[in-house]
Structures are given as structure tokens and as C-alpha cells.
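The next block holds one structure in the form of C-alpha cells; read it before the comments.
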Protein chains: 2
Amino acid sequence: MNHRFRTIAAALICTPLLASAAEGMWTLDNLPRAQMQQRYGFDPSPAFVDKLMRASARLAGGCSGSFVSPDGLVMTNHHCVTRCIAQLSSASNDRMKNGFLARDRAQELRCPEVEINRLDAVTDVTDRVKAATAGKQGAAFQAAEDGARAALTRECRGADAENTRCDLVTLYRGGQYQLYKYRRFSDVRLVWAPEEASAAFGGDPDNFNFPRWCLDVAMLRIYDGGKPAPVQDWFRFQPAGAEAGELVLVSGHPGQTRRQLTVAQLETQRDSLAQVGLPGLSELRGVMLQYAKGDAEARRLAGTALQGIENGLKVSNGNLQALLDPALLAGKRVSEQALRDFVNARPALKARVGNPWADIEKAQAARRELETLHAQIEEGRAFSGDLFGLARTLVRGAAERGKPNGERLREFNDNALPQIEQRLRSPAPFHPAFEQVRLGWSLNRLRSLLGPDDPWVKQVLGRQSPEEKAQALVAASRLADPAERLRLWNGGAAAVAQSDDAFIVLARSLDTEARALRRRFEAEVLAVEREAAQRIAAAEFERSGKGTYPDATFSLRLSYGEVSAAPERGRVVAPFTDIAGKLARATGAAPFALPPSWLAAQSGPNPRLNTNQRLNFAATLDTTGGNSGSPILNRRAEVVGLLFDGNLASLGGAFSYDERFNRSIGVHAGAIVEALKSVYQADALLTELLPGP
Amino acid sequence: MNHRFRTIAAALICTPLLASAAEGMWTLDNLPRAQMQQRYGFDPSPAFVDKLMRASARLAGGCSGSFVSPDGLVMTNHHCVTRCIAQLSSASNDRMKNGFLARDRAQELRCPEVEINRLDAVTDVTDRVKAATAGKQGAAFQAAEDGARAALTRECRGADAENTRCDLVTLYRGGQYQLYKYRRFSDVRLVWAPEEASAAFGGDPDNFNFPRWCLDVAMLRIYDGGKPAPVQDWFRFQPAGAEAGELVLVSGHPGQTRRQLTVAQLETQRDSLAQVGLPGLSELRGVMLQYAKGDAEARRLAGTALQGIENGLKVSNGNLQALLDPALLAGKRVSEQALRDFVNARPALKARVGNPWADIEKAQAARRELETLHAQIEEGRAFSGDLFGLARTLVRGAAERGKPNGERLREFNDNALPQIEQRLRSPAPFHPAFEQVRLGWSLNRLRSLLGPDDPWVKQVLGRQSPEEKAQALVAASRLADPAERLRLWNGGAAAVAQSDDAFIVLARSLDTEARALRRRFEAEVLAVEREAAQRIAAAEFERSGKGTYPDATFSLRLSYGEVSAAPERGRVVAPFTDIAGKLARATGAAPFALPPSWLAAQSGPNPRLNTNQRLNFAATLDTTGGNSGSPILNRRAEVVGLLFDGNLASLGGAFSYDERFNRSIGVHAGAIVEALKSVYQADALLTELLPGP
């Protein structure tokens, strides 16, 4: 379940060393053809690569997917759509627990907030961005890059803002800039989701482990004008799957790797994770575990939240373990020194790039000073739940939309407005008691982190306790109502200024200083790191050209590898599990309990289930969070599996890849077919997936 | 509230560098007379030192105290007796909330589990222990030291096991062994405790901060034969306190410092704290924060637990911050290398001590492999709450008491039995729902740490979820009843073997393998570290003699320093706070709410309170957890304050002391007197404390 990507406001730096075998998340215009050819005798044709692009999908919220029928059917993971499933649930119909199957298209249910993107074109714009930022530093660098982004994306998008999305993608840490033009689908409907007990069988205890027995799959469909949107390119299902040793490919959207952070940056990350990130998530897990012991509704809401929290905890743990491994930092020091030596030996290059490592190291002091405050106040960690974020969007949106596109905060440029409006319109229900618990906890955490005498803490809490404040805010807000949100959005600055909504008042009162904090963080930390990293990229290009891949940026990449046994806690685990193993592992106690549908299929009067069917498998594919929901393909571009996770070692993949240990985990294509047939009797869906020869 | 010491089964190593000014927790036989004389013109007489020893008290559960009247009145911190206060509370009379004052001796209430020790004699036994362990390593070293401990303590204790306690104290990491002979008092009664809202005013947010406004004091009395036990040596109160710059002394029991761990050991501690310790405590805090939102009884029980958890969290945070500070480890590396160079330059010494640093480094691999498992299973972290610990005591006690004293697990040698029996007899109430919550969480944590397929996890949980297992265990146990515990204790091996109590069954089923795990951990980790550290101590003695102090070992020490302003978050804070400041800081919302007694004293018809009275103060005293409750004395051995905390910087004191930053925090003696007079009208107690000239 790791492979969902949650956007983090951290800088990315991307100038890796030459990749080892099976390593790499490659852009489609720079595939490792020589390596693939040498190892697997495979050299993808231009048509093959083009199909990869057009049949792959991105869930804008942080996952991958693929088109698997000409009628716009999209396959992704169950854990990528839990927010949608929860929003389509109620106390009386818990679709996380019960699952969902639309028996025909009329039964398909619209996900309130899911956006799907299909990549249509990529354009190199490196020269234009570099011309804008040349010679600039700090705040000026940031402003120039923001201005270029706004201009380029508006130009790319043209008149059709509703259906087109353009992202400026920074590759090789500013070594290259590309414009990604997507077809945007905002009417996305849920077709099928199995019960959580089957999708996430083994839950948090099994998460990131292999062997594994999950049916972590869901099907969506894109709509256009109220009808299913047809697609020209889609992947065929291959229920036979792939054999051990067979080449497999993943076409998906890895979110963020940090393989080319400098040693100083990695040390900052280590300390921040150990002191703030991991303890904070742990505490929230404790709150949710206990909240879940309330009534059924509390259990349902906390259960969905816990999925994300526990997944984040395992990721953080894995990242921290890697960062505390002396071998990792030692290796990074060696490779960093090699590039520094390369630069120092070339006076002309040295004159051009200077000492970016020292500049980044200096920025770490500012990062250490500002990071927690920035995360709490500007990123809104202190205000957990959805209401403060909506209030800030309304307060800032009113101010920003009055400015020219290129001068706005980047999340309010024209390109971003459709997604914001979709969120404001969302009819998804709110749960005041649950909002209050999360907010009360995060305000308590704010006070723990900054101390009771910090001016921000005093301004936010006044003379109330965190829990009292949370209660007061939630009780005095109407932002749970989409009509009120749209009234404020459409009413603009005047409506927002007049509002006495408690969250609007809070967001308004913090805004001036929060913006100042953000400007400082961007100028003293982010811009310094990124400008310096561009110079590191320049040095790397001079040394090695583009013989390598850029760090992940939630843009389309290809990974390759093979189905392979997995090393796990000191032993070697066979590459496949089967349905019989799932049945044997079931204890009846969550998260190892099977849902009624599986119990019936297993032991009813006419047991139908083929228990020999392979269920999950491991492969040497180099993937990371954001790749969740990616299709796993064979060399004929047939779906042999569905990527949903990695093993524990893969968590160190944020910083490095080692083919001996890192494994991705997929659901076998045959298991999806077998479950649709024998457990869910989803005949229409089966026919759509397997239309026959 | 940090300064309570919780015993941790970690090895101590004690060979510090020469101490800097005001640094050090000195044994009374090796005081830094030259430094004190030079800086403060103070050279304590033998009679002064003897009085320090006899008027100081130790709370065996992990705190310090002092005798403050000839009738056995003991002053300590409120936070040192919260367990007793909670045990003397019920849903209908919450003495944590309401406070407690015995208006006469008949009203004094016996604390079920408090043991007080008064040190009567110290004997050096280095030669005897070293003769026993000479040339031994690993398990043999451990067995020899355990055997010597059992023999020496039995010999020291003599026939009066009930009233005498003897501890073998390892100083300078085995450079020196001493026998500490204590008069043991197990009938200890509560005399006075203010309301928690006043004692711990500011709660967790203010904890470890200065300025501060806490009345963290409680009074106990030792009894003997049902009557108050008279004492010959006690400290007089001095309500005028001490002025800024004035010499102050602390006579108390610092629990554990780790100033002389090797760099390899510090790195292990850093990683363990970051990956296991801090996340675990954080999660438990979350559980308790949410549990506290239940009914009043849940709030009361969780509130007491949270005090300890949140205090532990701040300590862990402070320790981790110190260990992540590159300057700390760099400094340790330099001093370690200096001693290694000293050894390497002297062939005879080198032949004698070898390379103990390398031996300790090797043991770190075993520590990393075994530590979490050992903590979970053998230290019982997986079985939170009191019932499993009682069950294990009964199961092991039955087996161990059948062996000769010298061959038993050390916690069951004759010296330890009176304390065990006191605990088994304790009439303190149990709260099944609360036991279940804590146990359910810790079993969940066990599974998180070891994974669902670990054999220990499978053996403990079977096919149940952690929460189901916790419920089943608590429901099927009678160990909450002291009569049942005593029946099993007195019935010995036969009674324990026949018991079907769920916790007894669990403890029995784990015992063989848990003992094997312990033996392995002791032989491969603890014994290796301690034997090697003895050789480091030998090298240090050869270089510097005993010009320094040993790491803290929860044995009596003297610290000296002066009342002094405190640096805090970038500014300098005056050394004193006053009662007016407390009133001004009160918001009405916990933990910044004043209790009714204070509100009445402040604003009743006849406001009595002297708001100019100094309340808390800071001093350069070098103290740590375990020092809580220590008297702060002037050079006439008068009580000028009561130590209860340190500032944030003092948490790094586990590893090093820096007079510029480290501060201890005390309650002013005058504030105790003022509160007794004007808030609590405790006339009898006042008369006892201030008997007049």
C-alpha cells in the first residue's frame, strides 16, 4: 500500500549516478535501451512507447492507473480510491466494508474528488525557463521560475481549461524542464471495489511485506459529457501473468525519490524524520487506534484514516532506517566527493558551477530553523482535517485571483483552478466529531512542537486548550456545506472579508504572517537548494551526459525488471503466492479476516474458487510511492499484474536501489480475473476486460 | 518533572573526563573539594558530609527526598508520589485533582507501594568482586558478578531482612564496587499533596521549561511499628531561600547518566531511540490522549499515566536531540581517541587493557539484533499494565526461591524479596478496562515491531487480534486480588503450576524461551560491554586517578552550583519566578487552570496570598532523573528549595554537562511555606517544618 504518493513540500534533486541493472525510473524519451537489450533482448518500438504513454493514467491525487478497455475503464488500486469509497459510504452503507460492484453502467457512482490525467504530449522548455531564471538567486529565482511556469502552462493549456491540464516538470533538478500536457477527466466513476478485508488483507501488519495475499484492485471509468469516454489506447489483460525470470515493465507515476540529495540534505531529512515526522505520525496513530474503539461510525472513519497513517509510518520507518544506515551516507559521501573532484579539476567548469554543495549545506541551517514552523503553519499540519484547508483556499483564492496569473501563488494559477473548484463543489459528507478529534490533536501537537509561549501558539489558541479550540472552531463553521464554500468563492474578496465563519476568521488572521513565513522559507531554503542543485546537475551532465534517469517527480516513467524471489527477514521467499495461501492465513480476526463473499466462494455448497490461482508476486522493478495502481506489463504490453506495494527494503529506495533486496509487489492478473469470476460474479466487467480473441 | 528516574535495563559506563566547573554528581567519599573551595570558598566538614548522608532519603521507586523534621517527615516532589496518590484515589474521591492534607497524624494515609531508604553505611568491596570476575568473559563474567552480588548483599544485610537493604553499586563502570547499606522503611504515609493543577501547573507544555510556576511538592512520613519513626538527622527549612549567585548544593540520587558510553554505544542509543523508543512513547501518548476523552474515571486514570508518558517523551526528545548534535559525537570521538592514544603509547597498559572499544563496538551488532526483542519479551514492554509483571514475578519467584541465593536471577536474591512481597500485598485497586487498553496497545505494538509472522507474536496472539487477546487475558485473571497473589506466592511451584489464571498461563508458556533470550542478551551484549568498560576504566584511572566522578547509578551524590539566570530559546530568563507570575499565567483551561484553593486564596473576601513570594528558581546544579525530590541546600545545610526539574538543555545532561546552558529547577522553600500558610492553612505541618529558633 505504500505506492500511493502524498505530495510533500520538499525540494527534489535529481542527478543520479549511472544506474545499475534494473535500476531506474526512466522518462520515455530517454529509455535505457542498451541495458534492456543486453539483459532481456528487448528494444521497445516507437509505437510501443507511444502506447505506453496513451494507455497509462494518472490519478491526480497521487496514484497511477491504466486504461484496460476501449470504454474508458481504468484499473488502479483499492487503496488509491479509499477516500472516494469512504465519501460514497455512510453509517448505514459502509462500502469500505461491503465492497461495491456496478452491475451495469447506470450503477456506476461518481467519485466526488477524483481527477484522472492522460498524458498527450511532452515538450522541452528548458531554454525558456533557464532564460527567465538566469543569474537570479533566492526570492528572485523563485519569482522568475513561478512566472515562467504560469506563462508556459497557460500557453500550453489554451482555451480549454476544463479538459486540459499542463504541468511544468522539473527534471534532473533543473537540468531539464518539460511541459506535460494532459487530457483531464474530472467525471470519474467507481465501477468495482472489493471489500477492504480482501483488498488490504493482512492490513498494516502485512504492509510492505512479501509474501502477500492482497486483492488491492479497483476499477473506475472516465466519463465525458455524461457518457463513458472512449479511449484509443488501452492494455489487454493477460490472465496467465508472467513467469519467474520474465521481463516485466511498469508504466506509472513514481512520486518522489531523493536519490540525489546532498549529504547535508540527507542529514537534515534524517533528523527531521526522527524528531518530528515519525513521532507525530505515531502519536496520531495512537489517537486513531483509540478513537476507532468508539461506535461503528467512529470505527469506520478512523479505519480509513488509519490506512494512510499506518502506511505513512512504515514509509517513514523505512526511510529513517535507510538514513541511519552508515553505509548509505558513506556511499553518498563518496559519490558526492567524486563529482566535487571532477569539478575542482576543471577550472572552467568550476568557475561556472562554484561550490553548490557548500551553498546547500548553508541553507540547511535555515531549513532546520524554519521547517517545523513552515510545516505547521504554512502547510497547515497544525490544522488537521479538511476545514482549515478549505478556509485558506477561500481566503487566499479571493486575494490571488485578483492578480495577474504570473504573479499569483503558484497553486492559484489558472491551470490549477479547475481542480480547486472541483474540491469546493464536492458533495462528500463531513463528520464534525471526527474533524474535531483530528483538529484537537493537531493543535495539541502544535503546542508541543513550538511550546506554549510561542507567538503562533498564543495567536491560535488564545486562552483555550487545544481541544476547546477545536470544538469551538468546528461548531462555528459552515464550510462543510458546498453551497457556502461556493458562495464565498464566487463572492470573492468582499464575501471572504465579511464572513464570520470561524475557520475563515482564523485563516484570515494568520494570513499575512503565514505568507511572510512562506516567502522566507522559499527564499532562504527552497530557492537556494534548487538553484545550487541546478549547478550540480550541470556538473553531472558535463561528466556523464544523460546516461541516467532523473529523480521521480510524479510524472510518467518506465521501470523494468523481472519476476523474482524476494529476500525477507533473512530468508528467500518464492516469487508467487496463491489463493490457497490467503485462505490458510485467514484467522477470522481483522485484518486477517476474510469477507463473507470469500467465505462463500471458499466453502459454500458449490465451492467455485480456484485456490491454485497465483495471487501476488514480486519483481525487481524499481518503483516508489505514486506507482500504486500502475499496470505491470509483459513485452507485448499486456497486463500481467497490478503494482500495489514494495517490500520493506524498497523503502530505502527513496535514496538508493539495490537489485539484491528491493522488490515491487503486484496483484496477479489471473487473480483479478478469478476473483471477478468466482467471488464477485462480475460477468459484465469480465467480458469488458477479456473481450475474447 | 523529569527528575524521576525510571529504571532501565541498560548498561552504565562511567569514566568521565575531568569535570568542568559546577559539573558532576559526586560520591560523598570523593568530593571536588578543591573546585568548591576555589570557586565558593566552601569546604564541607566531615560532620556536614555525614549529615548529608543521614538526612537524605531515597524513594526506591525512582526518586529522592529528605528528612525535614525529627518525626520522620519526608519532603519529595508531588510527581514522585502520583502513583501513591492515584492508588489512594477513587472515582468519587480523586486526590490527584483535590489534593490531600492530613490535619493530624491519624489522618495520614499509607502508600501501598512506597519504600524509603536511608543510607547508613558505604563499604568498598572492589577487591572481592574483581577477584570473583577476574579473567572471566560473557556468561561466566555475568554469573560471577551475580554470585558475588548475592553473597555480599546477604552478608551485609544480616538477619534483619525486613528493615535492611544492601545494594551492590558499580562505580566507574566496574573500576570500583561499593556496598550501600540502607535502613529500609516500607510503612510510608502520605501527609500532604497539593492539587495536581498546582503541583504540575503548566503540565506537559511547560515541562522542562524555565521560567516555571509549579508547587511540585509532597510530604510523606516514615513509620516504624505503627508509629512515626524518629530520625536524628534532618534538614531545617530556610524560607528566605538563596540569592542569585549563591552556592547551592543538592544531595540526591541521580538515576542514570551515559556520559562515558563509547561512541559506538551512543550511536546504538541514538538509532534505538529514533526508531523504537520515541515512536512507541508517542503512540502511547496518542492512545491515552484519546482514552482520556471518555468518562471522568477514564480521564483520571489516563491523566496519571500521561504524566509519566509525556515526561518520558520530553526526556527522549532531549536525549535524541543531543545525540543528533554533530558536536556531541565529535567531542566524544576526540576524547575517546585521546584515551586510546594514551593506551597505545604504553605497551604494558596496552597488554593489560587490549582494545575494549573494539570489543564494545562488536557487541553493538548483537545489541541491535536482540535489543527490541529483549525489551518486548524479557523486559515485558509487550505486556503493558501491571498484571503480566505480577504473573511473571509469581512464575519466576516460585522457581527461583528453590535455588541457592547466589544462583538465582538477581532480582530474586534474598535482598530483593521484601520489596517484591510488599508489591504482592499491595491493596491498590486495579482498573480492568484501563489494563485492557494498555495491554491491547502494547500487544499491537509488539506485532508492529516484530511482524505478524514472528514466532513470539504467533505464540502470544495465536489467532486473536491484539485487542481480543488483551480482553481475554484481563477477563480470565484473578491477579488483581492480593489474596490470590499471596496464595500463589506462598504456594510456590506447585500452586503456580496448577494455576489456570490467564496471565500465569501466558507467563509460564513464555518462560523457558524468555530466559534463554535473557541469557543470550546478557552474555553477548551486557557482559561484553561491562567487561570491556572495566578495562576502559582501568586505563582512565591510570591516566587521571579518581579526579572525576562516576556516571550516575541511583546512589547518593552531591552536586554543587549556584542560583543563576537561565538561557531559554534564545533569551536569558531571570533566575526567579513568583506567585504573581503564576496567577498571571493562569488561563482557566488545563493545564493552566488554578485549583479552587488558589482561586480562593487569590480573590476571596480576604485575599491572603503574598504574590511577591518567589516560587521557582534556576541553578547551575548538575542533576538528572532520579534527583527529583532532592533538597536544595545552602552552605549551612538548610533547605532553600526542592529540586523538581531541569530545563530543556539539561536533557542533554545524560551525555554531557555545559554550565552555560544546563539548569536545574527548584521550588523555593519560601513558596512551600507561603502555600501551606495562605492556601492550605496547614498549621500543624507548618509548625513541624518551622519549629522556631
Side-chain angles (χ1 to χ4, degrees), chain A residues 202-206 209 211 267 270-271 273-275 278-291 293-294 310 313-314 316-317 320-321 324 326 437 440-441 444 447-448 451-454 457 461-469 568-569 585-593 648, chain B residues 202-206 209 211 267 270-271 273-275 278-291 293-294 310 313-314 316-317 320-321 324 326 437 440-441 444 447-448 451-454 457 461-469 568-569 585-593 648:
Chain A
D204 179 55
D206 272 5
N209 281 7
E267 287 172 340
R270 176 196 64 197
D271 296 356
L273 205 48
Q275 296 183 287
L278 199 51
L281 268 178
S282 299
E283 203 172 287
L284 184 55
R285 179 180 192 238
V287 169
M288 287 295 146
L289 283 176
Q290 192 59 28
Y291 186 74
K293 293 187 183 161
E310 292 179 335
L313 262 176
K314 281 214 175 176
S316 298
N317 262 316
L320 182 60
Q321 188 177 335
L324 288 171
V437 163
W441 171 76
N444 188 310
R447 189 177 65 183
S448 291
D453 296 310
D454 178 89
V457 174
L461 294 183
R463 292 170 73 86
Q464 290 179 297
S465 74
E467 294 73 20
E468 288 169 352
K469 186 75 195 179
E568 188 79 11
R569 297 181 195 255
R585 192 169 180 77
T587 64
F592 298 97
L648 283 170
Chain B
D204 178 56
D206 272 6
N209 280 8
E267 288 173 339
R270 176 196 66 197
D271 295 355
L273 206 48
Q275 296 183 288
L278 198 51
L281 268 178
S282 299
E283 203 172 287
L284 184 56
R285 179 181 191 238
V287 170
M288 287 295 146
L289 283 175
Q290 193 58 29
Y291 186 74
K293 293 186 182 161
E310 292 178 334
L313 262 176
K314 281 214 176 178
S316 298
N317 262 316
L320 182 60
Q321 188 177 334
L324 287 171
V437 164
W441 171 77
N444 188 311
R447 189 177 66 183
S448 291
D453 296 310
D454 178 89
V457 174
L461 294 183
R463 293 171 74 86
Q464 291 179 298
S465 75
E467 294 73 21
E468 287 170 352
K469 185 75 194 179
E568 188 78 9
R569 295 181 195 256
R585 191 169 180 78
T587 64
F592 298 97
L648 282 171

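For clarity, every value in this text was computed on a predicted model and none was experimentally measured. Each chain gets a letter, A, B and so on, in the order the sequences are listed, and its residues count up from 1.
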Counting heavy-atom pairs under 4.5 Å to chain B, which of A/Gly588, A/Ala589, A/Ala593, A/Pro326 comes out on top?
A/Ala589

Checking A/Asn444 against B/Arg285 for the side chain to side chain contact (heavy atoms under 4.5 Å, CB included) test, could you report, in this order, the C-alpha distance in whole Å, the side-chain angles of both residues, the deciding distance, and whether it holds?
CA-CA 12 Å; A/Asn444 188 310; B/Arg285 179 181 191 238; 2.9 Å; yes

Please look at A/Pro591 and chain B and tell me whether the side chain, the backbone, both or neither of the residue comes under 4.5 angstrom of a heavy atom of that chain.
side chain

If one checks every heavy atom of B/Leu289 against chain A at 4.5 Å, the contacting part turns out to be side chain

All heavy atoms of A/Pro452 vs all of B/Asp206, minimum pair found to be CG-OD1, 3.2 Å

Would you give the length of the straight line joining atom CG of B/Leu461 to atom OG1 of A/Thr587, rounded to the nearest 0.5 angstrom?
9.5 Å

In terms of side-chain geometry, is the basic nitrogen of B/Asp453 or A/Arg585 positioned less than 4.0 Å from the acidic oxygen of its partner?
yes

Quick one: NZ on B/Lys293 to OH on A/Tyr291, what's the gap to the nearest 0.5 Å?
9.0 Å

Check whether A/Glu468 gets within reach of chain B through its side chain, its backbone, both or neither, counting any heavy atom under 4.5 Å.
side chain

Side chain to side chain contact (heavy atoms under 4.5 Å, CB included) between B/Gln321 and A/Gln275, worked out:
CA-CA 8 Å; B/Gln321 188 177 334; A/Gln275 296 183 287; 3.5 Å; yes

Chain B interface, residue from A/Gly462, A/Ser316, A/Ala586, A/Gly286 that has the most non-hydrogen pairs under 4.5 Å
A/Gly286

Rounded to the nearest 0.5 Å, how far apart are CZ of A/Arg270 and CZ of B/Arg270?
6.0 Å

To the closest 0.5 Å, what do you measure between CG (B/Leu284) and CD (A/Glu283)?
10.0 Å

Side chain from CB out, backbone as N, CA, C, O: work out which of these in A/Ser448 comes under 4.5 Å of a heavy atom of chain B, or both, or neither.
side chain

For A/Glu467, is it the side chain, the backbone, both or neither that has a heavy atom under 4.5 Å from a heavy atom of chain B?
side chain

Nearest heavy-atom neighbours spanning B/Ser282 and A/Ser282:
CB-CB, 3.8 Å

Do you know the tightest heavy-atom contact between A/Ala274 and B/Leu320?
O-CD2, 3.8 Å

Proximity breakdown for B/Ala590 and chain A, heavy-atom pairs closer than 4.5 Å:
backbone

